[in-house]
Amino acid sequence: MFDNKETTDINQLGEFGLIDYLTKAVEITEPSTVMGIGDDAAVLDFKNKKTLISTDLLLEGIHFDLRYVPLKHLGYKAVQVNLSDIYAMNGRASQITFSIGLSSKFPLEAVEEIYEGALIACKKYNVDLVGGDTSASAQGLIISVTSIGFAENEKIAYRSTAKEGDLLCVTGDLGGAYVGLQLLEREKQIFLENPSIQPDLEGKDYIIERQLKPESRKDIVELFEAYNIIPNAMIDVSDGLASEILHICKASKVGCKLYEEKLPIDPMTYETAREFGLDPTVCALSGGEDYELLFTVPQDQYDKIKNQLDITIIGYITEENAGCEMISKSGHVHPITAQGWNAFKNNQ
Ligand code: ADP
Ligand code: MG
């Protein structure tokens, strides 16, 4: 990383110098931000709205691998992953705090790239960066993002309020981020064995982007607002569709029927999964990191949902005792499990 470039040692700036340097480009645009960076705490005012807060911790070697994740993408993704949790409550994200722990291997230019990515995400999603913390780390890079947002009380979509008879819907397509990761992992192995071979990612842009540069679904929350759709329950797809479905069903004390043939899978995801000898359905169910929204709506909302190009109805909610099941393309019934892989194969 930055081996061939001239770099600046962070120690030259000191902690306050670094904070000033990184945050000089920060602009405040949200009406709810009263005070951003520069005091002991940010001050926010959501008037009569409920406040939403969510936080994530990202550790080098656990959540990301800097051998194939560009730093700018990492900053961007760290923000997206977090905003996704606010949208999953059917809320508007308005602020984040961004904290970093840096080991000595990171020069100023590295941190600058992370921030550049984070600030691009903030700007694109109209979110103010209102604070953070900066520290040295004994080993590796640590990023923690907290996102803050707001929603009207009646519009907040919890996991626990899905109702029997609801339509089960998902946005976008599934499995792409996971298949993209398989591709990056394979190229990393080839590179480690022979550094002179350039990665072969030709024509795979979509799934690589799904992995490296996910987009949280602010647009869906806006669509709900525009069409006056209020989901009964909602969650974002971070761990995999199967796991998220089970979260909603468990929290809401309901069951569900999911139809394999309805799962939205992009053709590139499908083909690449096949190339890797993976079942595209299993990638969609258990892949994770798609950051799409999974939600349920009452059946009388069908007319509003059916023509939305980026929303797919994948099943419906049943009573609890019926269990959580997937109907396969061949008509077989499989229980949905969080770790779809082996359990799934055994049932076929
Ligand atoms: P304190 O000693 O109160 O923790 P700091 O010196 O750490 O204060 O931070 C000073 C200001 O800079 C605060 O407003 C804080 O939120 C902000 N800040 C610190 N680190 C970051 C960062 N990595 N990104 C954005 N803002 C930061
Ligand atoms: Mg501090």
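Scope of the values below: all heavy atoms of this structure, side chains included, with no hydrogens, waters or symmetry mates. For ligands, and for the atoms within them, numbers begin at 1 and follow the listed sequence. Fair warning: this is a prediction, and the values are worked out from it, not measured in the lab.
A side-chain donor-acceptor contact under 3.5 Å links Lys77 and Gln211. A donor-acceptor contact under 3.5 angstrom links the side chains of Glu292 and Thr171, judged on distance only. With hydrogens and angles left out, the side-chain atoms of Asp128 and Thr29 include a donor and acceptor closer than 3.5 Å. Looking only at atom types and distance, the side chain of Thr281 has a donor-acceptor partner in the side chain of Glu260 under 3.5 Å away. Asp173 and Tyr206 share a donor-acceptor pair across their side chains, judged by distance under 3.5 Å alone.
For residues 146-171, the pairs satisfying salt bridge (Lys or Arg N to Asp or Glu O under 4.0 Å) are Glu152-Lys155, Lys155-Glu225, with sequence neighbours left out.
Looking at Phe98 next to ligand 1, an N or O pair under 3.5 Å apart turns up. Every N/O-N/O distance between Gly36 and ligand 1 stays at or above 3.5 Å. At a 3.5 angstrom cut-off on N or O pairs, Gly132 counts as close to ligand 1. For ligand 1, the polar-atom distance check finds an N/O of Tyr115 within less than 3.5 Å of one of the ligand's N/O atoms.
When the options Ser144, Gly131, Ser135, Gly38 are ranked by their closest heavy atom to atom 26 (N) of ligand 1, first place goes to Gly131.
Residues passing the side chain to side chain contact (heavy atoms under 4.5 Å, CB included) test with Ala157 are Asn90, Pro231, Met234, sequence neighbours excluded.
Only the side chain of Ile19 comes within 4.0 Å of ligand 1, judged by heavy-atom distances.
Put simply, the side chain of Gln80 gets close to the backbone of Ser216: a donor and an acceptor are under 3.5 Å apart.
Near Asp40, meaning under 4.0 Å from one of its heavy atoms, ligand 1 places the atoms 3 (O). The ligand atoms of ligand 1 that sit less than 4.0 angstrom from a heavy atom of Phe16 are 6 (O). Under a 4.0 Å criterion applied to the non-hydrogen atoms of Thr23, ligand 1 contributes the atoms 25 (C), 26 (N). Against a heavy-atom cut-off of under 4.0 Å, Ile37 is close to the following atoms of ligand 1: 12 (O), 14 (O), 17 (C), 25 (C), 26 (N). Listed by number with element, the atoms of ligand 1 under 4.0 Å from a non-hydrogen atom of Asp39 are 13 (C), 14 (O).
Residue-ligand proximity: Leu22 is placed with every non-hydrogen atom at 4.0 Å or more from ligand 1.
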